[in-house]
Amino acid sequence: MRQASQSLYPLMLSPIKVGAHTLPNRVIMGSLHTRLENEHDGVQRLAEFYAARARGGVGLIVTGGVSPNFDGRVEEGAWVLDSAEQLEQHIPIVQAVHAAGAKIVLQILHTGIYAKHDEIIGPSALRSVINPRQPRAFTVEQIEQTIDDFVRCAVLAQQAGYDGIEVMGSEGYLMTQFTALRTNKREDEWGGSLENRIRFPVEVVRRTRERVGPSLLIMYRISAIDLVEGGLTGVEIDRLAQALEQAGADVLNTGIGWHESVVPTIATSVPRAAFAFAAARLKKVVSIPVVASNRINMPTVAEEILERGEADMVSLARAFLADPDFVIKAATGRTDQINTCIGCNQACLDYIFTNRIASCLVNPKACHETEFTAIPPVNKLKIAVVGAGPAGLACAITAAERGHQVQLFEANSEVGGQLNLARRIPGKEQEFAELVRYFNKRLMTTGVQVHLNQRVETDFLQAQGFDQIVIATGIKPRTPVIEGIEHVKVVSYSDVILGRVNVGERVAIIGTGGIAHDVAEMLTTVQASPQTTQAFLNQWGVDLTIQSEGGLQAPVAEGSKRTVVMLQRGTKKPGARLGKSTGWIHRTKLIKRGVTAVSGCTYEKIDEQGLHYSVNGEAQVLAVDTVVLCAGQDSEQDLANYLDGTVRHLNLIGGARVATELDAMRAIDEGTRLAYTW
Ligand code: FAD
Ligand code: NAP
Ligand code: SF4
């Protein structure tokens, strides 16, 4: 496999020499914070997590960030590497990865003013806009000590057997806080001029190289575009890159934007490889290898970046949560079996931001590897799965993979359930289509017998002698009780999304949940969809030349031909339950397009005039042509209710079990886990 450079991806799968090391391919698994280190069995779980990716063919793994000292830790309980006693946390991980045939480097991360604890410290005593904690400013002695701490951490990493280190110098963490005027207001030799501001990262690399010698790989993750006001200009980034090379860095990995940037950098709606241009700029000014990152989720995307000469290597992080076998599948002609990262952040970043262990919407085994080790059963069961939405699909393929004989019944002419609606929403098309492609391919390879256009009614299943019956019939959209709900101007979200109805120019949407936001997005999109990279960058005000500070420029205004109002009965912020790391993107886009939201509504009636409602007892009329119902969903349980008590081993999963707070993540998780119980 590792020699398969004559494949479809000759560049991606070709070896490369970096520093004193030769890597078998040009794919790096980028650093992922999993929060597994906080678990009592964290070392074992991390070892298995990384080893699974190493077995899957990735050439080099970068660990999640480990702090060089106590003040720099991400949060309480996060790992620090500042003494030899802690090596026992690392050695099993390194050994597991080496045994599986890959190399591994330790990421050294000092969070500076992004830290989630009380010992927070930064170049200046300035609070970050995304962290309520007040930092104190480093003294000069503390700066010197922190550089020493980085060096000591690198030496300890070398003792643990790591092949190298990556100094985390992007995303708004400590290194960037020193380099940018936004956060560095110092007037001593560590602030002011560019040479002073870059002194801290450059000294870290220089003194580390001096201490560890040539064999330890030193990667530096440079912020290739800051995407914040007061960030670096392109010329300044070039200067930093060159100074890091001179100081002894072997590789420049790239990071895009700071955590506080208001430009989306990794969400589904970001076009694939949209930020490769920033790596390409750097590649022109240094002679060490440069790595491109962000929204690289399929081998073709990686190969094209390398072909265009934009980078020497690619870094994929979430793509390895989604599929540990990404590289081996690409190398063995099974690209269509890759479980593609859809960029949703729902189970990775959003879980981290809410203090949970990361996982993956499309792959619930991610970071839970040790929970899915049950050996295939001796008794092969005959299993019926009704409903081919994500819950039924995940259950069917997992059960079949485990050796059971599975039949899948779907009322529609295609599998996917509501994913087939999601993949019609602008910005979601490509990735949700990938998920449906993945499921289709896995149905074939696992030998599930699929019956399309077959709505399972009442006693059909009873006669077939199934050992297990799985009801994955999903949901039915809720129709609220409002006078005039039968009016011709009232339409369902599914009819709108599927283009079955005409929608007027003035629209009211009943509901402000995820589906309402998606429908509002669809109804107000005027640009061609899917969006081109250039249109995306224009829309969010990204300056490709990075002549301006932070690479920002005025966004190109977006209009909409429709006036859209979303309404809800509740009084919480509309869209409050949207993803923590992506909700702001939806809200910002809709606000730019003039979409408004009304809270605290009591719906009165719908008639020729429009939608009548009241807020705080005050009557209002929205003169609209169309009212779209996005008022939540109820479980589709008709079949389950009919079968209950008449068949043994009846299982409900996904929306059929509980419709409240259902999403594709829960659906896939429930389907996968159920299949592991047999
Ligand atoms: P469903 O997807 O509803 O599938 C049920 C299947 O059962 C259907 O195919 C149906 O035809 C079939 N069926 C029903 N009755 C029978 C029967 N008697 N016989 C045979 N077949 C039957 N979730 C996210 O996590 N992230 C998102 O970004 C996201 N975006 C979305 C965007 C839109 C526009 C929509 C509509 C939904 C979105 N969702 C998203 C929600 C997600 O798609 C659902 O939560 C998920 O599909 C539910 O999975 P399920 O398998 O339980 O049910
Ligand atoms: P939802 O998020 O639960 O929102 C339902 C909306 O309908 C709420 O705004 C609610 O507001 C309103 N509502 C509920 N009952 C009503 C009634 N009887 N009359 C009038 N209004 C009513 O559900 P959804 O938008 O249908 O989405 C379904 C699931 O798909 C969600 O769990 C969501 O997470 C998932 N999804 C996720 C994404 C994503 O991007 N991650 C996108 C789409 C869907 P009030 O009760 O305040 O009126
Ligand atoms: Fe990718 Fe979503 Fe999985 Fe995160 S949860 S790795 S974004 S598919």
Side-chain angles (χ1 to χ4, degrees), residues 1-5 7-9 12-16 21-32 34 36 41-64 90-107 160-164 217 296-299 302 313-341 348 357-360 362-376 397-398 401-402 438 441-442 445-446 672 676:
M1 191 288 297
R2 286 174 190 275
Q3 288 84 40
S5 56
S7 71
L8 279 173
Y9 312 107
M12 185 183 90
L13 297 172
S14 63
I16 181 168
H21 297 257
T22 300
L23 304 176
N25 55 57
R26 288 159 187 252
V27 184
I28 296 176
M29 174 176 161
S31 178
L32 279 164
T34 61
L36 276 175
D41 55 353
V43 172
Q44 183 207 345
R45 290 175 68 176
L46 277 166
E48 186 41 46
F49 171 71
Y50 290 125
R53 276 75 196 162
R55 286 193 294 273
V58 68
L60 179 68
I61 292 173
V62 184
T63 67
H90 296 270
I91 291 169
I93 293 171
V94 174
Q95 287 177 343
V97 170
H98 284 168
K103 295 191 186 252
I104 181 163
V105 308
L106 179 83
Q107 187 187 72
Y162 283 107
D163 301 286
L217 186 66
I296 303 171
N297 63 345
M298 283 300 274
M313 286 186 275
V314 287
S315 171
L316 292 66
R318 296 173 300 164
F320 283 103
L321 280 176
D323 197 332
D325 294 329
F326 181 96
V327 176
I328 206 166
K329 285 179 179 172
T332 52
R334 293 181 293 142
T335 302
D336 55 359
Q337 290 182 41
I338 289 177
N339 198 1
T340 306
C341 165
C348 52
I357 293 172
S359 188
C360 175
V362 303
N363 174 24
K365 297 180 190 174
C367 298
H368 296 275
E369 282 75 13
T370 52
E371 294 166 43
F372 292 91
T373 50
I375 50 167
I397 59 170
T398 311
E401 199 172 52
R402 289 177 54 70
Y438 167 77
K441 186 69 191 177
R442 299 287 291 143
T445 56
T446 55
T672 308
Y676 265 84

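Worth knowing before you read on, the calculation uses all heavy atoms, side chains too, and leaves out hydrogens, waters and symmetry mates.
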How far does [atom1] of [X] sit from [atom2] of [Y], to the nearest 0.5 angstrom?
X      : Y      : atom1 : atom2 : result
Glu48  : Phe372 : CD    : CZ    : 13.0 Å
Thr672 : His368 : OG1   : NE2   : 11.5 Å
Met298 : Cys341 : CE    : SG    : 11.0 Å
Leu106 : Leu217 : CG    : CG    : 12.0 Å
Ile375 : Arg402 : CD1   : CZ    : 8.5 Å
Lys103 : His98  : NZ    : NE2   : 7.0 Å

Next item on the list: Could you go through the side-chain contact (heavy atoms from CB on, under 4.5 Å) check for Val327 and Leu13 one step at a time?
Entry: CA-CA 8 Å; Val327 176; Leu13 297 172; 3.9 Å; yes
Next item on the list: Inspect the contact between Glu369 and Arg53 and indicate whether a charged nitrogen and a carboxylate oxygen are less than 4.0 angstrom apart.
Entry: yes
Nearest heavy-atom neighbours spanning [X] and [Y]:
X      : Y      : result
Gly30  : Ser315 : CA-OG, 3.4 Å
Pro364 : Ser359 : O-OG, 3.4 Å
Ala302 : Val314 : CB-CG2, 3.8 Å
Ala330 : Pro299 : CB-CG, 3.7 Å
Ile338 : Tyr438 : O-CD1, 3.5 Å
Asp163 : His21  : O-NE2, 3.3 Å

Between [X] and [Y], is any pair of side-chain heavy atoms under 4.5 Å apart?
X      : Y      : result
Thr398 : Thr446 : no
Leu36  : Ile357 : yes
Arg26  : Ser14  : yes
Pro324 : Asn363 : yes
Val105 : Tyr162 : no
Met29  : Phe326 : no
Cys367 : Leu321 : yes

Can you tell me if [X] uses its side chain to pair, donor with acceptor, with the backbone of [Y] under 3.5 Å?
X      : Y      : value
Thr22  : Ile16  : no
Thr34  : Ala358 : no
Asn297 : Ala319 : no

Margin query: Once side chain to side chain contact (heavy atoms under 4.5 Å, CB included) is applied, do any residues pair with Asp325, and if so which ones, sequence neighbours excluded?
Written below: Asp323, Ile328, Lys329
Next item on the list: Report the C-alpha separation of Thr335 and Tyr9 in whole Å, then their side-chain angles, then the decisive distance to 0.1 Å, and conclude whether the side chain to side chain donor-acceptor pair (under 3.5 Å) test is met.
Entry: CA-CA 10 Å; Thr335 302; Tyr9 312 107; 2.8 Å; yes
Next item on the list: Scan Leu60, Val58, Ile61 and name whichever one has a side-chain contact (heavy atoms from CB on, under 4.5 Å) with Ile104.
Entry: Ile61
Next item on the list: Output all residues satisfying salt bridge (Lys or Arg N to Asp or Glu O under 4.0 Å) with Lys441, sequence neighbours left out; order by chain, then residue number.
Entry: Asp336
